[in-house]
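Keep in mind the model is a prediction, meaning the values are calculated, not measured. First the proteins, then the strands, lettered A, B, ... as listed; each starts at 1.
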Amino acid sequence: SQQGEEDPQALSIQEGENATMNCSYKTSINNLQWYRQNSGRGLVHLILIRSNEREKHSGRLRVTLDTSKKSSSLLITASRAADTASYFCATSRGGFKTIFGAGTRLFVKA
Amino acid sequence: NAGVTQTPKFRVLKTGQSMTLLCAQDMNHEYMYWYRQDPGMGLRLIHYSVGEGTTAKGEVPDGYNVSRLKKQNFLLGLESAAPSQTSVYFCASKRPRGVGEKLFFGSGTQLSVL
């Protein structure tokens, strides 16, 4: 069974707007990661947040983690057409396995 | 530095045929993984390896076998392909826990079983 579940499944916004994606998970974690996948390509790591962290920034990305609610959010500010991709959250517990959610498909209209 | 390389990129099999997918990484990573990606399902872990000569089952291991004879290579085998194994397969690798959690992915193998 999948650990992470993203919401929404799909999101369409205009260029310049902010995009927010959410992820919920079921069990305790060591860290939560977000990955991006362009159509027909492999996944690329975006950002990692550890279980003892609440917020993390990287460029136009902002990730929050609420371990009491077992949820995380990824905010992409000032989105660009090039941000069009699928975004996945992934969780790790014991350091060996990383389990992925079903992903959010983001479409940014120019 | 090639990173993670998967071969082949595309393959069409008939039901019952066998094949091996090869994953090679040049980053000296200890951990390697095989995932499959199906529409609307995200990535599901098939098998993984935490070092040369070791393998372990993931979420959906049935119908697949793996081997890690060399640290840089991780092979995924289908002994008797079934249409349900039509999918995109991704290999990934990473450094051990405590050093780095980030997964590095190959570009995928699109497999169709007719």
- prompt: In terms of hydrophobic clusters joined by side-chain contacts under 4.5 Å, are B/F90 and B/L76 together?
  reply: no
- prompt: Measuring heavy-atom distances to chain A, does B/Y35 have an atom under 4.5 Å in its side chain, in its backbone, in both, or in neither?
  reply: side chain
- prompt: With the 4.5 Å side-chain cut-off for hydrophobic clustering, are B/Y48 and B/L21 part of the same group?
  reply: no
task: Answer with side chain, backbone, both or neither: which region of B/L45 has an atom nearer than 4.5 Å to a non-hydrogen atom of chain A?
output: side chain
message: Taking B/L75 as the starting point, is it possible to reach B/F105 by hopping between hydrophobic residues whose side chains are less than 4.5 Å apart?
response: no
query: Is the count of non-hydrogen atoms from other residues, nucleotides or ligands lying under 6.0 Å from B/E52 atom CD greater than 12?
result: yes
- prompt: Quick one: CD1 on A/I99 to CD on B/E59, what's the gap to the nearest 0.5 Å?
  reply: 4.0 Å
task: Check the surroundings of atom NZ in A/K109: do more than 12 heavy atoms from other residues, nucleotides or ligands lie under 6.0 Å from it?
output: yes
- request: Counting only heavy atoms closer than 4.5 Å, note whether B/Q37 contacts chain A via side chain, backbone, both or neither.
  value: side chain
query: Would the number of heavy atoms belonging to other residues, nucleotides or ligands and lying under 6.0 Å from CZ of A/R60 be above 12?
result: yes
- prompt: What do you reckon, is CD of B/E79 surrounded by more than 12 foreign heavy atoms closer than 6.0 Å?
  reply: no
Neighbours of chain B found in residues 35-43 of chain A - heavy atoms under 4.5 Å: A/Y35, A/Q37, A/G40, A/R41, A/G42, A/L43
statement: Here the pair of heavy atoms bringing B/L103 nearest to A/Q33 is N-OE1, 4.3 Å
query: Out of curiosity, does A/L48 fall in the hydrophobic cluster containing A/L75 (side-chain heavy atoms, cut-off under 4.5 Å, transitive links)?
result: no
field: Remaining members of hydrophobic cluster (4.5 Å side-chain criterion), A/F107
entry: none
task: Quick one: pull up NE2 in A/H45 and NZ in B/K94 and give me the separation to the nearest 0.5 Å.
output: 10.0 Å
